[in-house]
Amino acid sequence: FGSGPIKGFATTLIIGIFTSLFSAIFITRLLFIWQLDRKKNIRFSTSLTKDAFTKINIGFIQKRKFYYVISGLIVAGGIASLAVRGLNTGVDFTGGRTWRIAFVDKAQVDNIKKSLDEGLVDASQAGAVDIEVKTIEQSNKVKITTNFRSGEKGTEVNNEVDALVKKLCNDVQPVFKVEESRTVDPTISDDIKASAGWAVSVSLIIIFLYIIIRFRKWQYGLGALVAMLHDVAIVLGLFSMLYGILPFSMEVDQAFIAAILTVVGYSINDTVVVFDRIREFTGLYKRENGVIVVNRALNSTLSRTVNTSLSTFMVLLIIFLFGGEAIKGFTFALMIGVVAGTYSSLCIATPTAVDLSKSLRDGGAPSPTA
């Protein structure tokens, strides 16, 4: 459902997933066999990490109502913010025009904004005009976004608007270069909205069906679906609450939808690993109480879950800090998603499946007191 750079991002990610799978299964195995053949002593820990997570016994299932309340409050706050503030939607969803301009000297953002406000409003027959000017990547580069004459089409209109914006910028800082000029009319923005909705909805439905087929229990599928919706709601809610407060752009565009879908993928990846361990443990300990067995399975996955999440988060943090202003919002959405996805796989997906499944909840022994 994506286009342009978003389709490129998805293609790169797909290739990365397959190459990562190949490396993990084939190349890693060859390296271990090579070391074992040479009688090497293979270690998976250091003196600092040797006993990490081995003695942890967190009552994830016993404390599930507490987690439900915490998640409920965060999601409710996000929904309230979405209803009151909405999202900072970009040109992709509203229609309009955008320019990327590089000046020779540091961009005078406030003066450029003032010049555009005065010039475009005077030239507008519709009255109100939305204009956004922000620095990107470097202090001398700006991105200008406006809905000025967004409902009008044609080369002549585009040339007129383009010439007017260049003139108004030239009045403030004469020496600059237009690196990109893009137009999105309202019809295309409506198509993008529809595609975004379909992309998220279809992905959730397909994953729900996959989990049911994979684990032969609809409770697992519904638990995973609730966790994914929970993660999406948290990302959307925080973007609604924090835009205009954090010192970087939190514009919702096609890249943001790509981030949402990536978060969904990450969330289900973590959840499937947890569900696999639960299925393994419930098969091994059929006579023990279900809550105890499920909780033991969750605690046994903590090492893998925390290490994977921290590794992913650190990569995203480096991109966020050094990747440039243009992708900070995109990376921030992924960072929120990694944290939410890790939390939901342990505290939302599994407890939901347990509450819906009598066999998981009770097992072969009386329920323990929480």
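Note: hydrogens, waters and symmetry copies are ignored here, and every other heavy atom, side chains too, is used.
- Residues I33 and R29 have side chains in contact (heavy-atom distance under 4.5 Å, counting atoms from C-beta outward).
- Hydrophobic clustering, with ILVMFWY side chains joined whenever heavy atoms are under 4.5 angstrom apart, keeps L242 apart from L73.
- Under a 3.5 Å cut-off, the side chain of T331 and the backbone N or O of I327 do form a donor-acceptor pair.
- Considering OG1 of T305 and CG of L298, their distance stands at 8.5 Å, rounded to 0.5 Å.
- Contact between K286 and T282 at its shortest, heavy atoms only, is CG-O, 3.4 Å.
- Rounding to the nearest 0.5 Å places CG of L317 at 5.5 Å from CZ of F313.
- Between the S201 side chain and the W198 main chain, no donor and acceptor come within less than 3.5 Å of each other.
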Kindly indicate, with the supporting measurements, whether the criterion side chain to side chain contact (heavy atoms under 4.5 Å, CB included) is fulfilled by E288 and R296. CA-CA 11 Å; E288 294 189 35; R296 188 185 302 160; 2.7 Å; yes
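- Within the structure, salt bridge (charged side-chain N to carboxylate O under 4.0 Å, His left out) pairs that include any residue of residues 218-245 do not occur (at least two apart or interchain).
- When every heavy atom of Y243 is checked against every heavy atom of G86, the shortest pair comes out as CE2-O, 3.5 Å.
- Contact annotation: the side chain of F330 never approaches that of I319 to less than 4.5 Å [non-hydrogen atoms, C-beta and beyond].
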Under the salt bridge (charged side-chain N to carboxylate O under 4.0 Å, His left out) criterion, do K113 and E118 qualify, and how do the steps go? CA-CA 9 Å; K113 176 74 163 59; E118 294 173 353; over 6 Å; no
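- Nearest heavy-atom pair, N295 versus Q62, reported as atom, atom and distance to 0.1 Å: OD1-OE1, 3.4 Å.
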For L346 and T301, what are the C-alpha separation, side-chain angles and deciding distance, and is it a side chain to side chain contact (heavy atoms under 4.5 Å, CB included)? CA-CA 9 Å; L346 296 169; T301 65; 4.0 Å; yes
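- Interatomic distance, K177 NZ to K141 NZ, rounded to the nearest 0.5 Å: 8.5 Å.
- For the pair N170/F176, a side-chain contact is recorded, criterion being any heavy-atom separation below 4.5 Å from C-beta on.
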Worked verdict on T342 versus Y266 for side chain to side chain contact (heavy atoms under 4.5 Å, CB included): CA-CA 9 Å; T342 303; Y266 183 89; 4.0 Å; yes
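- Cluster membership for I56 and F66, using ILVMFWY side-chain heavy atoms within less than 4.5 angstrom, is shared.
- Side-chain contact between W34 and L30: absent, with no pair of heavy atoms (C-beta onward) separated by less than 4.5 Å.
- I70 and I79 fall within the same hydrophobic cluster, defined by Ile, Leu, Val, Met, Phe, Trp and Tyr side-chain heavy atoms under 4.5 Å apart, directly or through other members.
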Given side chain to side chain contact (heavy atoms under 4.5 Å, CB included), test Y210 with V272 step by step and report yes or no. CA-CA 10 Å; Y210 162 74; V272 166; 4.3 Å; yes
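- Between S81 and S240, the side chains place a donor N or O and an acceptor N or O closer than 3.5 Å (distance only, hydrogens not considered).
- Of all the heavy atoms in V338 and S309, the pair that sits closest is CG1-O, 3.9 Å.
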Side-chain donor-acceptor pairs of residues 98-106 under 3.5 Å, sequence neighbours excluded:
| residue | atom | partner | partner atom | Å |
| --- | --- | --- | --- | --- |
| T98 | OG1 | I144 | O | 3.2 |
| W99 | NE1 | D162 | OD1 | 2.6 |
| W99 | NE1 | S181 | OG | 3.3 |
| R100 | NH2 | E137 | OE2 | 2.8 |

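- For the ring pair (Phe, Tyr, Trp, His ring centres under 6.0 Å) condition, the pairs that include at least one residue of residues 245-265, sequence neighbours left out, are F239-F256, F248-F320, F248-F332.
- Q173 places a side-chain N or O within donor-acceptor distance of the main-chain N or O of Q108, the cut-off being under 3.5 Å.
- With salt bridges taken as basic N to acidic carboxylate O contacts below 4.0 Å, one links K143 and E251.
- Residue L302 is tested with N307, V274, I58 for a side-chain contact (heavy atoms from CB on, under 4.5 Å); the sole match is I58.
- Between the side chain of R64 and the backbone N or O of I61, at least one donor-acceptor pair lies under 3.5 Å.
- Counting only N and O atoms by type, the side chains of S344 and H230 include no donor and acceptor under 3.5 Å apart.
- Taking CG from L168 and CG from L164, the interatomic distance works out to 4.5 Å, rounded to the nearest 0.5 Å.
- Note that the CG atom of D117 and the CD1 atom of I112 stand 12.0 Å from one another [nearest 0.5 Å].
- When all heavy atoms are compared, the tightest approach of I348 to Y67 is CD1-O, 4.3 Å.
- Sequence neighbours left out, the pairs with a member in residues 254-270 that pass salt bridge (charged side-chain N to carboxylate O under 4.0 Å, His left out) are D270-R304.
- Between the side chains of N158 and R97, a donor-acceptor pair is found at a separation under 3.5 Å.
- Among all heavy-atom pairs drawn from Y68 and C347, the shortest one is CE2-O, 4.3 Å.
- S345 places none of its side-chain heavy atoms less than 4.5 Å from the side chain of F275.
- Side-chain heavy atoms closer than 4.5 Å link hydrophobic residues (I, L, V, M, F, W, Y) into clusters, and following such links, even through other members, never connects V273 to F60.
- No donor-acceptor pair under 3.5 Å is formed between the side chain of S267 and the backbone N or O of V263.
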List the atom pairs, with distances to 0.1 Å, where a side-chain N or O of residues 211-228 and a protein N or O form a donor-acceptor pair under 3.5 Å, not counting sequence neighbours.
| residue | atom | partner | partner atom | Å |
| --- | --- | --- | --- | --- |
| R214 | NH2 | D276 | OD1 | 3.2 |
| R214 | NH2 | D276 | OD2 | 3.1 |
| R216 | NH1 | I213 | O | 2.2 |
| K217 | NZ | S359 | OG | 3.0 |

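- Within 6.0 Å of CD on E180 lie more than 12 heavy atoms contributed by other residues, nucleotides or ligands.
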Distance-only donor-acceptor pairs under 3.5 Å for side chains of residues 13-27, two or more places apart:
| residue | atom | partner | partner atom | Å |
| --- | --- | --- | --- | --- |
| T19 | OG1 | I15 | O | 3.0 |
| T19 | OG1 | G16 | O | 3.0 |
| S23 | OG | T19 | O | 2.9 |

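- Taking the side chain as every heavy atom from C-beta outward, T146 and L116 never approach each other to under 4.5 Å.
- When hydrophobic clusters are built by joining Ile, Leu, Val, Met, Phe, Trp and Tyr residues whose side-chain heavy atoms come closer than 4.5 Å, directly or via intermediates, V84 is not grouped with I74.
- Counting heavy-atom neighbours within 6.0 Å of D110 CG, excluding the residue itself, gives a total of 12 or less.
- A distance of 11.0 Å separates CE in M241 from CG in L246, rounded to the nearest 0.5 Å.
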